[in-house]
Number of protein chains: 2
Amino acid sequence: MTPSPAPQQRMTKQRAAVLEALEASTEFRSAQAWHDRLRHDGSTVGLATVYRALQALAESGDVDAVVTDSGETLYRRCEAGEEHHHHLRCRLCGRAEDIDMPEFERWADRIASQHGYSRIDHTVELTGVCEACAAEGRG
Amino acid sequence: MTPSPAPQQRMTKQRAAVLEALEASTEFRSAQAWHDRLRHDGSTVGLATVYRALQALAESGDVDAVVTDSGETLYRRCEAGEEHHHHLRCRLCGRAEDIDMPEFERWADRIASQHGYSRIDHTVELTGVCEACAAEGRG
DNA sequence: GTCTTACTGATAATCATTGTCAAAACGAGG
DNA sequence: CCTCGTTTTGACAATGATTATCAGTAAGAC
């Protein structure tokens, strides 16, 4: 099989706008929320395009994605080059802190193989209410 | 405020059927999958009813619910009276093992308060491929 | 049995997300 | 700068899981 050439990515103004929006905030937001923000900022980018851009970025590891209990997917920019990590996220405003769990991967692999499971993946997310939101009595 | 009387729950044959189906398996399945199974077993229960029953059971802690990456909610019976726990789930067949992380809650609370977060909740799920599925070369 | 009220089921509605496809825009090569 | 082959876009339709609606049904207390 001929090795198919890496599909090229074009830097369009829409993708640039999405990246810029992501860079301007450290909060987790849904695709629709990012789209709203872009429109409010004057962009005319389409909703589907925002979905596609976020999806592509998540796949390439440039943004973090989490799925909420209600099934919505939230995105935020990922600190470049960082290893796999987890989050402590405010469920009211979307703010998030990066959390380290150095021993978790090893622990997970060990538990999994003890039970005969392979190809392990894991999800660890902490949610709470951040100091600012608590102070304002939200929620 | 007059304490509103606890809303009474009626044991209908539909709920009994859902409970029976849950009892007969230890696997995580979607509401639609449980509905299919019930219909194949001769029940005429409606889809909405299955959703309502599973939802109510999840709320009361009688069944475990997890949200997949694609946003689907999966349910399975919960070992009665068990404390909060986590799962190692086969992403192909839905089989799952209960996992203990005795120190995790404490760890999570500590991390959270270090960052000023309160009202902490957490999600920890391991997914993989179980021995049987791996042997059959699925996936 | 009677009666109140919760429950059911068929179906419509919702909501996030994905597919479709013609028109627009990258960007490599003249 | 111009042309051309591809990729991308955006408006909108379509999907798929879940929820709401609502008239009819059936627990279960008396």
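Numbers restart at 1 for each chain; the letters A, B, ... are given by sequence-line order, proteins then strands.
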- Answer yes if A:Trp34 and A:Leu47 sit in the same cluster of Ile, Leu, Val, Met, Phe, Trp and Tyr residues linked by side chain heavy atoms under 4.5 Å apart, and no otherwise. no
- Given atom CG of B:Leu38 and atom P of C:dG9, what is their separation to the nearest angstrom? 10 Å
- Which part of the nucleic acid, if any, lies within contact of A:Ser30, taking any heavy atom under 4.0 Å across all strands shown: a base, the sugar-phosphate backbone alone, or nothing? nothing
- To the nearest angstrom, how far is B:His35 atom NE2 from D:dG16 atom C1'? 16 Å
Counting only pairs under 3.5 Å, give me each side-chain donor-acceptor contact of residues 120-129 of chain B, with atom names and distances, residues two or more places apart or in other chains.
residue  : atom : partner : partner atom : Å
B:His122 : NE2  : B:His84 : NE2          : 3.0
B:His122 : NE2  : B:His86 : NE2          : 3.2

- Would the number of heavy atoms belonging to other residues, nucleotides or ligands and lying under 6.0 Å from CG of A:Asp62 be above 12? yes
- Query: Once you round it to whole Å, what is the distance between P of C:dC7 and CG of B:Leu57?
  - Reply: 12 Å
- Separation of C:dC7 P from B:Leu19 CG (nearest whole Å): 13 Å
- Task: Round to a whole Å and report the spacing from CD of B:Glu72 to C1' of C:dA16.
- Result: 14 Å
- Message: Counting only heavy atoms from other residues, nucleotides and ligands, does the tally under 6.0 Å from CD of B:Glu103 exceed 12?
- Response: no
- Message: What's the angle between the local helix axes at either end of the helix from C:dG1-D:dC30 to C:dG30-D:dC1, using five pairs per end and rounding to 10 degrees?
- Response: 30°
- Note on the structure: Whichever of B:Thr49 and A:Tyr75 has the more 5' nearest nucleotide on DNA chain C, that residue is B:Thr49
- Query: Should the heavy atoms of other residues, nucleotides or ligands under 6.0 Å from CG of B:Asp98 be counted, would the total exceed 12?
  - Reply: yes
- Please determine, for the side chain of A:Tyr51, which listed nucleotide (D:dT8, C:dT8, C:dT17) has the closest atom? C:dT17
- Applying ring pair (Phe, Tyr, Trp, His ring centres under 6.0 Å), name anything that partners B:His40, two or more places apart in sequence or on another chain. none
- Item | Per A:Gln32 side chain, nearest of listed nucleotides C:dT17, D:dA17, D:dT9 | C:dT17
- Message: List the residues meeting ring pair (Phe, Tyr, Trp, His ring centres under 6.0 Å) with A:His87, not counting sequence neighbours, and say none if there are none.
- Response: A:Phe28, A:His85
- Can you name the residues that form a ring pair (Phe, Tyr, Trp, His ring centres under 6.0 Å) with A:His35, not counting sequence neighbours? none
- Note on the structure: Taken in chain and number order and not counting sequence neighbours, the residues that satisfy side-chain hydrogen bond (donor to acceptor under 3.5 Å, both in side chains) with B:Tyr75 are none
- Quickly work out the B:Asp36 CG to D:dG16 P distance and round it to whole Å. 14 Å
Kindly give the atom pairs (protein nitrogen or oxygen, nucleotide nitrogen or oxygen) under 3.5 Å for nucleotides 10-12 of chain C.
none

- Message: Expressed as a whole number of angstroms, how long is the span from A:Gln55:CD to D:dT7:C1'?
- Response: 16 Å
- Are A:Leu22 and A:Val45 grouped together when hydrophobic residues (ILVMFWY) are joined by side-chain heavy atoms under 4.5 angstrom apart? yes
Please list every donor-acceptor pair under 3.5 Å in which a side-chain atom of residues 49-59 of chain B meets a protein atom from a residue at least two apart or in another chain.
residue : atom : partner : partner atom : Å
B:Thr49 : OG1  : B:Arg52 : NH2          : 3.4
B:Tyr51 : OH   : B:Gln32 : NE2          : 3.4

Can you pull every protein N or O that's under 3.5 Å from an N or O on nucleotides 28-30 of chain C?
none

- May I ask you to check whether over 12 heavy atoms, not counting those of A:Glu105, lie within 6.0 Å of atom CD? yes
N/O to N/O distances under 3.5 Å, protein versus nucleotides 26-28 of chain D:
residue : atom : partner : partner atom : Å
D:dA27  : OP1  : B:Lys13 : NZ           : 3.3
D:dA27  : N3   : B:Arg10 : NH1          : 3.2
D:dG28  : OP1  : B:Met11 : N            : 3.2

- Starting from P on C:dT17, measure out to CZ on A:Arg29 and report it in whole angstrom. 15 Å
- Message: It should be established whether B:Ser70 places a side-chain nitrogen or oxygen under 4.0 Å from OP1 or OP2 of nucleotide D:dA17.
- Response: no
- Task: Only counting residues at least two apart or in another chain, list the ones meeting side-chain hydrogen bond (donor to acceptor under 3.5 Å, both in side chains) with A:Ser43.
- Result: none
- Task: Determine which pairs satisfy salt bridge (charged side-chain N to carboxylate O under 4.0 Å, His left out) with at least one residue from residues 19-30 of chain B, sequence neighbours left out, and list them in order.
- Result: B:Glu27-B:Arg29
